[in-house]
Trainee: 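Below is a structure I'd like to ask you about.
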Amino acid sequence: MSVHRLFLAAAVLLASCLPAMAQFDFVPKPASVQVDEGASFVFDKNLQITGGDPFNVQYLQQHLDRVFDRRGDSWNSQPGRIEFVRTKSFPREGYAISVKPGRIVVSATTREGEFYAIQTLLQMLPPQVYRRVSGPDALLLRQWEIPCVEIVDQPRFPWRGSMFDVSRTFFDKAYILRHLDWLAYHKINKFHWHLTDDNGWRMEIRKYPKLTQVGAWRGPDEALEPAFNSGNERYGGYYTQEEMKEIVAYAAERNIEIIPEFDLPGHSKALAVSYPEMVCRHDAEIKSVQGEVHNVLCVGREKNYVILENIIKEMASIFPSKYFHIGVEEVATESWKHCPDCQAVMKKMGYTDESQLQGYFAQRMETILAKYGKTLEGWEDIIPTETLSRNDLVLVWHNQNVMQKAIDAGFPVVTQNCFYLYLDMKQTPAERGHSWATIIDVERVYSFDPLQELDLSGGREHLVKGLQGGLWAELLYYPPHFSEYQLYPRLSALAEVGWTPQEKRDYADFDGRLMRTHFERLRNMGIQFRIPMPEVDVRGNVRSPYPNMVVRYTFDGTEPTLASPVVTGPVVTDQPEKLRFATFYGDIKSQTVEVPGARKYLTPAVRVETTLQVNPRYPVENLSLYEARKPLRSAGAPKAGDQVLFSFEAPLNCSRITVQTADAVNNFYGVTQGHVEVKYADAKDFVNCGTFDMYNRVVVPAGGRPVLAVRIVIDGPCEGKAVYIQPLIIE
Ligand code: ACM
Ligand code: ZN
C-alpha cells in the first residue's frame, strides 16, 4: 500500500464521518441557501457532467481532479451527475444549484452565471480542491458526501473589484495570473490594473518604446531615481503586449474584466522621464503630494494628444474593457500656472482656475477614447466637470460625501473608499502599512456598505455600481508575500460586501466561516494570508485568536518558528523581555508579539550633531528626547559622507542599541546605503558595526563594553528626497 493510499484511507474516513448536515461555509455567502438535511449527494471520480460552457466544464473538471482519485474502482455503484442547463430567467451573473440524491442541476442564463455556480460548487468540496496539484499528489479522495441543498443566487452589485498598483512594486505575469485566480474564487469580477505612475510605466507601447526602455526602470543610473527600497540596484519591469493579451484572456475566461489605468495628467513622472517634451515647459520645482517634481503632463501641448491617442490605439487592441481609466488625481496644478502652453489654454477657454484644466484634459481624453469605443473612467476629480458625459464612470476614493457629489452630478460611481477599502492601510497599529486614512482590519472592511449615508432618492440606486479594494504598492517589496498579507482575508470580506444581500451579512457568522473553512481554502490556494497576532498580557497569559490556531514562542528574543514550542498554559520566566510569540496556522505565521511593557529602554543623556541639512520641523534636538514620532528629518536627499553623531554624556552600559531610520508610520525615507559605527569608552577609534538592513541596524556592544558614541554614516545615495533618523532604542 502506497503512502497515498494510506492518506486516502484516512481522508475517506474523515469524509464519511462528516455529519450529513455539514455546514457549507460559502464565501461570499449566496443570497438563498436551503439545506435538506435528510438527503445527500456523493461526489466521486465517476461523476458525470453534461452540458455547460466548454471552458467552465474543463475548469470544474481540473479542480475535481485535485481531490478525486481517478484510478481504480469507484465505491459508488451509482455515479452522480451534474447537469448544466441554460434558462432565460437569471440575471447575468445569477444561477441556481439544485442538489438532490444522485443529481445536481445547475441553471444559469449566461456562462458567467454558470461560472459562479461552479465557484459555489467548489466550496461544497474539501479545501484541497484549490490546491494546484493534480495526479499522484492530489488529495485522492474516493468520495465526498454533501447534504442536498437548493441555492438561488445573484450578486448585490455588478462591480466587485480589486485595484492593484504594479508601478511602485512590479509583479510579473505569473503573479498577476495567480491574483486573478484568487479573485475568481471570490466571485470578484473587475481587476483595475494601475499600470503607470510616477515610479514606473509598466505596459509596452510599441510606438513609444522609451516608455518601457526608460520609464519602467529605476536605479542609480536610471532616469527614475531609486524608490521603495529598490536601493542601489536597477529595479523594474513591464508587461509585453503579448503578456497583457494573455492576462486579459485568462481573466475573461474567469469572468474578470480588466480595466487598465494609465494615471495622467499628474503621477506622470515615468512618462515624463521617457518623453520629457510631454511635461510643462518651466523650471519651477513644484512638488506633487508624493514629493515628485516635473511629473505633470502638459495639457496645452497639442502634440501630447496625438501621442496619447496613439497609446490608446495600441491599448484598445489589448484591452476589450468598456472603460479605460485615465487617472485624474492629485495633480500639482500649480505646474500649469508656470507653463505658457497651459496658460494659453486657460485664456482661450476663459478659465479662472488651473483646476479647470483637469476637466479640459478629461474632456479631450473622453473624445479620443470614444473614437476607439471606450468610455472614460476617472478618479473623483472629474466630478466638477459639467461637460463630461454622464456615461463616464467616477471612481471615488474619499468618503461617502464625495460619492454623493458624484451621484448628484449624475455619474455612475464605484467606491474605493480609503477609510474602508484601502488595503495598503495597516490592519492593527503594530503592523506594517500606512495609516493616513485609518487602521483597517478585516471587520472594518466587512462593516462597510457602499450605500451607507447616501441619498439615492429619485431612483438613483442604479448609479452605485459597486466597490473595489485598493492596494497601492509602495510598501509591498517587503517582507515576502506582503501583498497577500494585505489582500487576504480583507478581500474575502470585500467580496461578501459586494455579493451578499446586506440583510444576510453578519460579521460573526463570516468570521466563523473564515475559521472553519475559508482560511483552509486560502492556504490551499497558496496565499500567505494574514492571521491575527496572539493576545499576550503582562502575566504571561497567552490567547490564540482562533481555536484552530496555535501560539508558538521563544525564550531568547528570536523569532518563533514552526520548530518552536506551542503555548499550552501561562508562560513563566524571569526574563519576560525575551519572550516572543506568534500565531501559527499550519505554516502560516502571524506577526511576532512581545509581553507588553516587558522590554525596558534606557534614555541616557545624549548630544546629537549632524552634517545633514535639517528640516526645521524635525530638528536634530528631537533625537535627544527618545520620543516616538519625534525623529530628525533631512531637508533634502542625504549625500555620501553625511553623518549623524550621537555622543553620550557618560559611558553607556547596555545590551543592544537599535538604530532606526525611515518614517515610523510610512516606512519611507530610510537609509539604504549607509553603516553604523560605535566608539567604545576604552578605544580611540570608531568601529564599523555593519550596514543597514531594511533601514535598521542592531548593534550589540562587543563583550559588554561601555559605549561612548554611535555614528550613522551615509555611504551613497538613498532613495527618496529626504531621510528620517529615529531616536536610538537602547536596551
Ligand atoms: C489616490 O489614492 N490618490 C487615488
Ligand atoms: Zn503645460
Side-chain angles (χ1 to χ4, degrees), residues 161-165 167-168 192-199 259 261-269 271-272 275-284 286 288-305 307-308 325-349 351 354-358 360-361 364 377-383 393-399 402-403 406 413-425 433-438 440 467-475 486 666:
S162 162
M163 188 219 77
F164 200 15
D165 162 15
S167 174
R168 277 65 172 261
H192 169 174
W193 206 358
H194 186 80
L195 282 163
T196 79
D197 210 303
D198 291 317
N199 311 97
I259 296 95
E261 180 189 358
F262 50 126
D263 197 351
L264 305 168
H267 286 262
S268 300
K269 187 77 186 177
L271 174 81
Y275 294 95
E277 60 276 22
M278 292 183 78
V279 298
C280 284
R281 285 195 287 143
H282 63 75
D283 296 327
I286 293 151
S288 73
V289 181
Q290 282 80 15
E292 302 290 345
V293 294
H294 302 303
N295 79 338
V296 181
L297 185 87
C298 183
V299 298
R301 183 176 186 263
E302 273 309 304
K303 277 190 190 156
N304 282 355
Y305 296 100
I307 296 172
L308 291 172
H325 193 310
I326 62 152
V328 191
E329 49 131 3
E330 296 182 328
V331 183
T333 54
E334 177 79 10
S335 179
W336 292 331
K337 268 196 184 134
H338 297 259
C339 171
D341 298 329
C342 289
Q343 286 305 308
V345 176
M346 291 281 292
K347 199 161 158 216
K348 179 173 133 216
M349 301 300 290
Y351 293 155
E354 274 67 25
S355 68
Q356 290 168 285
L357 287 174
Q358 279 200 89
Y360 172 85
F361 173 75
R364 297 286 303 262
E377 178 181 344
W379 294 106
E380 63 200 32
D381 288 18
I382 68 170
I383 296 170
L393 181 69
V394 177
L395 184 59
V396 167
W397 63 282
H398 280 105
N399 63 14
V402 182
M403 278 290 270
V413 281
V414 170
T415 175
Q416 187 181 299
N417 188 313
C418 63
F419 305 103
Y420 294 90
L421 307 176
Y422 262 37
L423 304 182
D424 53 330
M425 294 298 133
H434 288 300
S435 56
W436 58 259
T438 187
I440 301 180
L467 78 168
Q468 57 182 46
L471 186 54
W472 302 100
E474 55 267 36
L475 299 180
Q486 294 291 54
N666 293 326

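Heavy atoms only: backbone and side chains are in, while hydrogens, waters and symmetry mates are out. Just follow the structure's listing: the first ligand is 1, and inside any ligand the first atom is 1.
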Trainee: Looking at Arg301 and Glu277, would you say the former's side chain and the latter's main chain have a donor-acceptor pair under 3.5 Å?
Mentor: yes
Trainee: Which residues satisfy the side-chain contact (heavy atoms from CB on, under 4.5 Å) test with Gln356, sequence neighbours excluded?
Mentor: Tyr351, Thr352, Asp353
Trainee: Heavy atoms, side chains only, cut-off 4.5 Å: are Leu264 and Leu308 in contact?
Mentor: yes
Trainee: Just need the protein heavy atom nearest to atom 3 (N) of ligand 1, so name the residue and atom and give the distance.
Mentor: Glu329 OE1, 2.4 Å
Trainee: Parallel, tilted or perpendicular: which describes the rings of Trp436 and Tyr422, with under 30° parallel and over 60° perpendicular?
Mentor: perpendicular
Trainee: If the cut-off is 4.0 Å to any non-hydrogen atom of Trp472, which atoms of ligand 1 fall inside it?
Mentor: 1 (C), 2 (O), 4 (C)
Trainee: Exactly one of His194, His267, His434, His192 should register a ring pair (Phe, Tyr, Trp, His ring centres under 6.0 Å) with Trp472. Which one does?
Mentor: His194
Trainee: Taking only heavy atoms of Glu330 into account, list the atoms of ligand 1 that are under 4.0 Å away from them.
Mentor: 3 (N)
Trainee: For a distance under 2.8 Å, tell me if His282 has an N/O/S atom near the Zn ion (ligand 2).
Mentor: no
Trainee: With the Zn ion (ligand 2) at the centre, find the angle made by SG from Cys342 and SG from Cys298, to 10°.
Mentor: 100°
Trainee: Identify the closest protein heavy atom to atom 2 (O) of ligand 1: which residue and atom is it, and at what distance?
Mentor: Tyr422 OH, 2.5 Å
Trainee: Please report the closest heavy-atom contact between Ser167 and Asp198, naming both atoms and the distance.
Mentor: OG-N, 4.5 Å
Trainee: Of all the atoms in ligand 1, which lie at a distance below 4.0 Å from a heavy atom belonging to Trp379?
Mentor: 4 (C)
